Amino acid sequence: MSLLHIKGLRTHFQTEAGIIRAVDGVDLELESGRTLGIVGESGCGKSVTMLSVMRLIQPPGEIVAGRILFEGRDLLALNREEMRQVRGGDIGMVFQDPMTSLNPVLSVGEQIAEAIEVHKRMSRKRAWSMAIEAMERVSIPDAADRAKDYPHQFSGGMRQRIMIAMAIACKPRLLIADEPTTALDMTVQAQILNLLRDLQAENKMSIIVITHDLRVAAQLCHDLAVFYAGRVLERGNAEQILSNPGHPYTIALRNSIPGLPCPGERLQTIGGNPPNLIDEISGCVFHPRCSTARSSCSNLSPVERSVSDGRSLACSYHALGEM
Amino acid sequence: MSAYKLIEVRDLVKYFPVTSGVIRARKIGDVQAVDGVSFDIAAGHTMGLVGESGCGKSTLGRALLRLIEPTSGSIRYQGQDILRLSGRQMRPLRRKMQIIFQDPFASLNPRMTAARIISEPLEVHNIISVAERNLEIERLMSMVGLDPSHAGRYPHEFSSGQRQRIGIARALALQPSFIVADEPISALDVSIQAQILNLLVDLQMELGLAYLFISHDLNVVRYISHEVAVMYLGRIVERAPVESLFAKPRHPYTQALLAAAPGFGKDQRQGPVLEGDLPSPMNPPTGCRFHPRCPCAMGVCRHHDPLLEEMANGHAVACHLWSAYV
């Protein structure tokens with residue numbers, strides 16, 4: 001049984017301008033102990049999908065269809081109290097911006113301990129010592145002293161470590177990291193990626209990393225899911241997808257990164273802009289920007305098909321071997 | 001480098017005073033944002049400037065245009081020291097030196113149409129008649145790949161990539177020969193970044209522009225630059241032609257940056273990962289500014305500040321490890 005299985009998830013937002021289909025039929029599967037990378041451009045629904053898993057979607061947003069099975073339990077069927085135990089207990093989450101996601105008027109130790117107290121029902125003192133333990137696990141030097149410091153006394157990289165410490169304090173089985181390194185400098189980014197890799201090896205924890213940077217995903221992930229306009233266009237083994245991308249969007253995304261494939265050569269671009277999710281696109285969501293689109297792509301909606309071992313993609317032509 | 005030197009920067013310094021106290025503020029120190037930087041940019045060439053946040057790269061870019069007044073040093077544009085010019089004398093030169101900003105949301109006035117944004121520099125410098133203006137706007141918009149029929153639209157009606165194109169058209173309006181591009185693609189989506197990079201390269205070829213291209217992304221800098229300068233805590237620690245820098249990075253900091261830059265393929269190029277963070281530029285370390293984080297620091301690094309010295313083929317490095325080879 002897979003650790004997390006998302007089936008046909010649809011999360012829509014009712015706005016005055018119309019319905020925004022932020023997530024529109026997403027299927028995902030994550031085996032325990034593996035790292036899944038969710039890649040895509042801004043507005044493709046990658047964060048909303050993970051917020052749906054955490055059931056943190058606020059009105060006017062609403063999960064309108066689908067099932068989210070975590071260890072076989074449907075998270076969408078849990079009541080509030082049960083969901084609170086899952087959130088932060090079984091599933092930890094790290095957000096992008098470590099500056100705005102920490103409370104500036106509480107010491108970092110208190111913030112980590114608070115999460116532990118809520119989930120493990122233990123005394124303040126025990127929770128505090130567990131908080132220090134969590135800070136040691138993310139390699140914060142002098143954890144016992146630094147736990148009394150406030151967020152502004154830490155650098156960006158250290159704050160992100162604290163966010164991770166908070167997320168793993170209750171020993172979750174799944175850690176969701178939303179753009180964990182985007183706000184950080186290059187050298188600090190490498191530190192955080194190494195930390196995530198070490199934590200996974202030590203704790204047999206599964207990780208989902210949301211990122212717009214294919215290179216970050218390449219470094220960290222076993223599996224990949226490529227998102228576009230609220231759908232998954234391609235998913236499967238990360239190495240296979242990056243070395244031999246199948247979907248025209250994945251190919252274009254990979255080729256538009258400078259330094260690859262060949263410096264000095266002209267970069268391949270994807271024409272146009274990411275779509276506005278209010279207007280429903282008929283046929284394949286990528287067809288207006290696809291360089292290999294056929295006439296039928298504008299009315300034929302592609303079905304996700306398996307192309308090889310555990311790898312599948314949603315492109316009408318690729319599956320027919322006509323690419 | 002065969003082309004003539006358009007920009008020559010020598011020992012450029014910018015300190016920001018730090019004060020304390022409310023009623024009687026007194027100076028308690030300086031943030032040494034740029035501390036003795038020298039380099040040249042040839043006409044039609046791109047100098048890439050890389051470094052982590054807070055290393056002074058944006059301050060340097062702005063100081064070059066005198067958007068921030070440098071503390072000392074000299075900046076020559078076509079041989080003329082622009083720091084000695086008065087505001088009035090500076091005006092005609094400002095036409096030749098323009099800037100593109102990072103954030104296409106914050107850098108365009110939301111109450112102005114695209115046409116007004118693009119033509120404002122022309123009005124300010126009073127170099128075009130009203131009759132010709134619309135033609136010129138049309139020309140600039142097509143040049144950067146915008147539809148001229150959208151000239152009457154406001155910034156919010158454009159996507160982020162299109163907005164960045166408006167910013168570029170505005171910079172081009174005065175027909176500059178030098179443009180500072182301060183992280184021009186960092187705020188854009190991956191698929192849009194490539195479009196803007198290609199546009200900048202095309203414009204350079206067409207118009208013979210020189211760029212100072214500021215970025216934290218080594219892959220982008222490698223793609224667009226002829227020469228690259230690596231900055232750390234207000235200093236240039238290494239400067240070299242692009243192939244030379246990426247093939248043979250000399251400074252331990254450059255090596256660490258390259259190792260940290262994620263490539264494709266797992267665990268590829270696992271070089272040393274730097275420990276710690278950037279020290280405060282208010283109180284930089286003694287000796288070599290990089291020594292507290294340097295994996296190869298020696299005794300001499302603690303006390304003696306290495307000079308940026310040229311080794312061969314325009315490859316210059318400021319590191320004691322290499323001073324024996326100079």
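Reminder, nothing fancy here: chain letters follow the sequence lines and each chain counts from 1. FYI, side chains are in, hydrogens and waters are out, and symmetry mates aren't considered; it's all heavy atoms of this structure. All of these numbers come straight from a predicted model, not from anything done at the bench.
Here B:Asp202 is the residue among B:Val201, B:Asp202, B:Val221 with the most heavy-atom pairs under 4.5 Å with chain A.
Counting heavy atoms of neighbouring residues, nucleotides and ligands inside a 6.0 Å radius, atom CG of B:Asp147 exceeds 12 of them.
Residues B:Glu52 and A:Thr187 have side chains that bring a donor and an acceptor to within less than 3.5 angstrom of each other.
Remark: side-chain polar atoms of A:Gln189 are not paired, donor with acceptor, to backbone N or O of B:Ala260 under 3.5 angstrom. With B:Asp189 contributing its side chain and A:Ser42 its backbone, the two residues share a donor-acceptor pair below 3.5 Å.
To the nearest 0.5 Å, the span separating CD on A:Glu41 from CD on B:Gln193 amounts to 9.5 Å. Of the inter-residue distances, the one linking B:Asn219 atom CG with A:Arg215 atom CZ reads 4.5 Å to the nearest 0.5 angstrom.
The two residues A:Ile270 and B:Gln195 come nearest to each other via the heavy atoms O-NE2, 2.6 Å.
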